[in-house]
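First up is the structure itself, then whatever we jot down about it.
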2 protein chains.
Amino acid sequence: MNIGQAAERSGVSAKLIRHYESIGVVPKAGRSDAGYRIYTENDVHILSFVRRARDLGFSMKEIKKLVGLWRNKSRASAEVKTLALQHVKALDQKIAQLEAMSKSLKQLARNCHGDGRPECPILDGLSE
Amino acid sequence: MNIGQAAERSGVSAKLIRHYESIGVVPKAGRSDAGYRIYTENDVHILSFVRRARDLGFSMKEIKKLVGLWRNKSRASAEVKTLALQHVKALDQKIAQLEAMSKSLKQLARNCHGDGRPECPILDGLSE
DNA sequence: TTTGACCTTCCAACGATGGGAAGGTGCAGA
DNA sequence: TCTGCACCTTCCCATCGTTGGAAGGTCAAA
C-alpha cells in the first residue's frame, strides 16, 4: 500500500504521515525499490490510533508515549491512566480559562448597544 | 519612559512590545537620540488595552482591529459588538470541542483499572 | 511515448511568544 | 576619567502542529 492509500484509510494526510515518521511518532515505513513508502494493515492501524489520540487533543509528545505503551504488550495500565488523567486535567483547565473569557466578554457585550453610536462598553472595559 | 518601564507598567514584555510594533498592532514609538524607544502615558494605555484584549483570547489580527476602533472616536459600537460576538462564538465552539474530548477521555479512564496489569480500555478505545 | 497521478525531499509559512547573541548607551561609584 | 552593570538595539532561531509549494522521480494506462 502506498502512502496515499494509507492516508485515506487512516484519516491522516500523507503530508502528516511523513512528518510523524520524521519525528518518531510512528515507526519508519518500509520502502519499495523506487523508494516509495510501503504500508501494511498494521501500519494503518497505528496511524488510525494516532489520529484518534489527536482527536482527543493529546500533544504529539504524549501520543508518542501512547503509541509506545500501545505497542508494548507488557505495559502497566496505570501508566496509561496517569497520562490520560493528566491530559484531562489540562483540558479542564483550558476549558475553565476559555469559559472565563467567554463569560467576561458576554458581560461586556450585553451592555453594548451595538448601533451607530460610538459609545461602547466593550472598548471601555478593555480600556479600564 | 524606556521600553522596560513601559513593559512593567503595561504588563506586556519588552520583547512583545517590539513585536507588536513590528506587526502594526501598536503605533511606532518615538525614539531618543540614541535610538531608544520612548513611551508616553498614552502608549502605555494602548499596550494595556492590547494586553486585556489578549487576556480575553482575541487574536492579534482582531486586536489590531480593536485598537483601530478604540482610537477612532467616531466608530460605530455595532462594529465592536460584532467583532466581540464573533469571538464569543469561536470561544464557545472551542469550549464545546474540549469538553467533548474531556468527556470521552474521562469515560475511557473510568473503565481503566490503572494498576500493574496491561489490559487497558483507554488504549483499546484509541485502537477501536 | 506521452500524460497524469502518484511519489520523493527540502524549504517556508502560519501565530504568539521566548531565548540568545553581538553590540551600543546611560548612569553610578571608585 | 575609567569601569562595571543594567539597560537598550537588531537579528536570527525555536517552539507546536500542520499545510503549502517547488523540483524532480515513478508508475500505469492510452
Side-chain angles (χ1 to χ4, degrees), chain A residues 1-26 28-40 43-44 47 49-67 86-87 90-91 93-94 97-98 101, chain B residues 1-26 28-40 43-44 47-67 86-87 90-91 94 97-98 101:
Chain A
M1 197 184 328
N2 281 341
I3 197 171
Q5 286 158 302
E8 198 177 348
R9 304 250 323 256
S10 66
V12 180
S13 73
K15 210 86 187 177
L16 265 188
I17 294 177
R18 292 192 196 97
H19 179 58
Y20 290 165
E21 180 184 309
S22 79
I23 61 175
V25 163
V26 299
K28 291 196 178 181
R31 296 282 180 147
S32 72
D33 288 349
Y36 283 21
R37 286 178 182 77
I38 300 174
Y39 293 87
T40 64
D43 292 331
V44 170
L47 288 167
F49 178 94
V50 170
R51 182 182 52 71
R52 287 188 206 99
R54 196 193 50 185
D55 289 347
L56 287 177
F58 284 101
S59 70
M60 281 305 122
K61 195 173 164 187
E62 291 166 326
I63 293 177
K64 197 167 172 176
K65 285 188 199 163
L66 285 172
V67 172
Q86 275 175 2
H87 182 50
L91 284 172
Q93 281 176 0
K94 189 75 190 168
Q97 260 183 30
L98 297 182
M101 292 177 188
Chain B
M1 198 185 324
N2 281 341
I3 197 171
Q5 286 158 303
E8 197 176 348
R9 304 249 324 254
S10 66
V12 180
S13 73
K15 207 86 188 180
L16 266 187
I17 293 177
R18 294 191 194 98
H19 179 58
Y20 291 164
E21 180 184 308
S22 79
I23 61 176
V25 163
V26 300
K28 292 196 177 181
R31 296 283 181 147
S32 72
D33 288 348
Y36 283 22
R37 287 177 181 77
I38 301 173
Y39 294 87
T40 65
D43 291 332
V44 170
L47 288 168
S48 301
F49 178 94
V50 170
R51 181 182 51 73
R52 286 187 207 99
R54 196 192 52 184
D55 289 347
L56 287 178
F58 283 101
S59 70
M60 280 305 122
K61 196 173 163 187
E62 292 166 326
I63 293 177
K64 197 167 171 176
K65 285 187 200 163
L66 284 172
V67 172
Q86 275 174 3
H87 182 51
L91 284 171
K94 188 75 191 167
Q97 260 183 29
L98 297 182
M101 292 178 186

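This structure is a prediction, so every number in the text was calculated from the model and none was measured. Labels below follow one simple rule: chain letters A, B, ... track the order of the sequence lines, proteins then strands, and each chain is numbered from 1.
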What's the spacing between I3(A) CD1 and I38(A) CD1 if we round to 0.5 Å?
12.0 Å
Hey, does V50(B) have a side-chain heavy atom less than 4.5 Å from the side chain of V26(B)?
yes
Has K28(B) got a side-chain atom pairing as donor or acceptor with S22(B)'s backbone, closer than 3.5 angstrom?
no
Between L47(A) and A6(A), what is the shortest heavy-atom contact and its length?
CD1-CB, 4.4 Å
Are R37(A) and dT9(C) close enough that a side-chain N or O sits under 4.0 Å from OP1 or OP2?
yes
By side-chain hydrogen bond (donor to acceptor under 3.5 Å, both in side chains) - contacts of S32(A) (at least two apart)
none
Between atom CG in D33(B) and atom P in dT25(C), what is the gap in whole Å?
11 Å
Show me the pairs that pass side chain to side chain donor-acceptor pair (under 3.5 Å) and involve residues 4-20 of chain A, at least two apart or across chains.
R9(A)-E41(A)
Do M1(A) and V44(A) have side-chain heavy atoms sitting under 4.5 Å apart?
yes
How close do L66(B) and A53(B) get, counting heavy atoms only, and between which atoms?
CD1-CB, 4.3 Å
Contact residues, residues 52-61 of chain B to DNA chain C [heavy atom, < 4.0 Å]:
R54(B), S59(B), M60(B)
Results of ring pair (Phe, Tyr, Trp, His ring centres under 6.0 Å) for F49(A) - residues two or more places apart only
W70(A)
Which nucleotides of DNA chain D pair, in dot-bracket form (Watson-Crick or G-U under 3.5 Å, | meaning another strand):
||||||||||||||||||||||||||||||
Would you jot down, in residue-number order, the residues of residues 4-22 of chain A having a non-hydrogen atom under 4.0 Å from DNA chain C?
G4(A), R18(A)
Nearest 0.5 Å, please: how far is CD in Q97(B) from CG in L91(A)?
11.0 Å
Taking any atom under 4.0 angstrom from a heavy atom of chain A, which nucleotides of DNA chain D are the first and last to qualify, 5' to 3'?
dG17(D) to dC27(D)
Do R54(B) and L16(B) have side chains that get closer than 4.5 Å, going by heavy atoms?
yes
Ignoring hydrogens and angles, tell me if any N or O in the side chain of H87(A) forms a donor-acceptor pair with the backbone of E62(A) under 3.5 Å.
no
Who pairs with R51(A) by salt bridge (charged side-chain N to carboxylate O under 4.0 Å, His left out), at least two apart in sequence or on another chain?
D55(A)
Separation of dT25(C) atom P from I38(B) atom CD1, nearest Å, is 15 Å
Give the minimum heavy-atom separation between V67(A) and V25(A), together with the two atoms involved.
CG1-O, 3.8 Å
Detail all sub-3.5 Å separations between protein N/O atoms and N/O atoms belonging to nucleotides 27-29 of chain C.
none

For R37(B), all residues meeting salt bridge (charged side-chain N to carboxylate O under 4.0 Å, His left out), sequence neighbours excluded
E21(B)
